[in-house]
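Here is the structure we will look at.
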Amino acid sequence: MKSSRDSLILIVGAGPVGLCAGIALLKDGLRVTLVDSGSPGAGWASGGMLAPLYEMAADPAYSENFVQFALESARLWQEFAAESGINLQSPTLFLARTEIEVEVLESLAQRAAKLGLEVIPTDIPQNMQARMAISAPSERALEPRAALKSLVAQFCALGGELVLGQAVSLAPHRLSLVDGRTLTAQAIVLAHGFGAAGMKQFVPALQTLSPVKGQMVRVAHMQLENPVVRAGRLYFLSRSNGLVIGATSDPQAPPETDVDLDPILALLAEAKALLPPVAKAAVIESWAGLRPDTSDHLPLVGHSGVEGVYLATGTYRNGWLLAPAIGTYLSQLISGKTSDSVLMKLLAPARFTS
Ligand code: GLY
């Protein structure tokens, strides 16, 4: 019989990436334990956007290989959502408020056509101050808090174990927790977003990880006809418990999740300019999260350089979108079933150290 170290995969972080990786590994027949600190992470704080067209394909900075990876993950989400009972909201309405945003949407429509993604020129909703509108049926969003619960249920139903604990140090095949416990495993995966930066003294590639603070607001009793509306970096998400307005983006902010008044006021002013009824809405919640960014804005997925330790973080604005494809790829890497040199080159942590 194999020892527990030989058969166990330990994942740090029960966010979308950790959970999707855990589910993929369990489905591949491995034994998995997830260690989570219990504090809400970036996945909980996020808008839950599954938007490969708007976030990646429309941005010329992203390579074709990465766009294809993101599109594959969006496709996997449809299977995942059906299995886990997660509701995917669509279509997404893209709005342009300025001449520059009109040009951006026009080029997004051209890119969509090349990728075979449907986009439909449409009327600007009556209550919105914009110049151009496009509807994109394949751009979706999910409700993160409900989706996390569904993924945890699926992980546990597949036989995964959840452990509450805060990881503080690392050695080959060995993870120590703040309460003094030490866990050993065949492979340890650091999937706890910007929290993984706390391990940078053990894993040099993690020195590239930086926080990009994002803040959101929820207002009561507002639902829009289009469940997801985007204009520039502003978005409105109609949820059962109100309208979520996102999101600020501050790479200079300290790595704390306090809500700061000035960025929230600027976000609400921008929201009110696009959708004037926001002025009369009641703010019922605001919160913040830290997007885990890297210097090339691409994830860190693969061997960390420390024996038996892998990384699955650095997902920046797209943790939810990329989680299923990262989970599948990571499971194949750990089981030695992939030699995908394209993904290895694109995502390997070693690109920052070699
Ligand atoms: N994916 C949207 C955001 O990070 O705000």
Side-chain angles (χ1 to χ4, degrees), residues 15-17 20 40-59 61-62 66-67 69-71 73-74 77 86 88-95 101 104-105 108 136 138-148 192-195 209-219 226-239 243-253 255 257 259-260 263-264 266-268 270-271 274 285-294 296-300 313-326:
V17 173
C20 286
W44 177 89
S46 134
M49 224 64 91
L50 311 176
L53 175 59
Y54 198 81
E55 293 278 347
M56 280 103 162
D59 183 345
Y62 285 120
F66 189 55
V67 170
F69 183 70
L71 287 169
S73 209
W77 257 118
I86 293 172
L88 301 186
Q89 299 179 284
S90 70
T92 295
L93 185 73
F94 300 137
L95 296 174
E101 287 184 355
V104 170
L105 280 198
L108 174 145
S138 62
E139 296 273 284
R140 300 181 170 86
L142 50 71
E143 206 288 287
R145 300 176 199 181
L148 284 171
H192 51 319
F194 178 68
L209 214 53
S210 63
V212 178
K213 186 168 183 173
Q215 305 194 67
M216 315 254 264
V217 170
R218 185 159 57 91
V219 298
N226 292 277
V228 184
V229 177
R230 307 194 69 162
R233 287 278 170 103
L234 176 69
Y235 46 82
F236 296 119
L237 305 164
S238 294
R239 300 267 151 91
L243 185 73
V244 170
I245 303 173
T248 70
S249 182
D250 188 353
Q252 310 304 334
T257 51
V259 172
D260 309 312
I264 290 285
L267 178 71
L268 286 172
E270 194 184 349
L274 178 61
E285 189 184 1
S286 60
W287 65 95
L290 301 175
R291 302 176 182 93
D293 197 12
T294 61
D296 60 8
H297 302 307
L298 295 176
L300 293 168
T313 181
T315 47
Y316 186 33
R317 299 175 56 84
N318 294 291
W320 276 104
L321 168 64
L322 298 173
I326 289 178

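Whatever order the structure lists ligands and atoms in, that order sets their numbers, starting from 1. Just so you know, these numbers come straight off a predicted model, no measurement behind them.
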| query | Is a side-chain N or O of Glu55 found less than 3.5 angstrom from the main chain of Arg317, in a donor-acceptor match? | reply | no

| Trp44 side chain to Leu148 main-chain N or O, any donor-acceptor pair under 3.5 Å? | no

| message | Using a 4.0 Å cutoff against the non-hydrogen atoms of Glu55, which atoms of ligand 1 qualify? | response | 1 (N), 2 (C)

| query | Of the protein's non-hydrogen atoms, which lies at the shortest distance from atom 1 (N) of ligand 1, and what is that distance? | reply | Arg317 O, 2.7 Å

| field | CZ on Arg218 to CG on Leu243, rounded to 0.5 Å | value | 10.5 Å

| said: Geometry only, no angles: is Asn318 polar-contacting ligand 1 at N/O separations under 3.5 Å? | reply: no

| message | How far is atom 5 (O) of ligand 1 from the closest protein heavy atom, and which atom is that? | response | Tyr235 OH, 2.7 Å

| query | Would Tyr54 and Arg230 count as a side-chain contact (heavy atoms from CB on, under 4.5 Å) if you check the C-alpha gap in whole Å, the side-chain angles of each, and the deciding distance to 0.1 Å? | reply | CA-CA 9 Å; Tyr54 198 81; Arg230 307 194 69 162; 3.3 Å; yes

| remark: So for Arg233 against ligand 1, with non-hydrogen atoms under 4.0 Å, the contacting part is neither

| task | Any chance you could measure Tyr316, atom OH, to Leu322, atom CG, to the nearest 0.5 Å? | result | 13.0 Å

| query | Quick one: CG on Leu300 to CG on Asp293, what's the gap to the nearest 0.5 Å? | reply | 10.0 Å

| said: Could you identify the single nearest non-hydrogen protein atom to atom 4 (O) of ligand 1 and state the distance to 0.1 Å? | reply: Arg291 NE, 2.7 Å

| task | Output the list of atoms in ligand 1 that are nearer than 4.0 Å to some heavy atom of Ala247, sorted by atom number. | result | 5 (O)

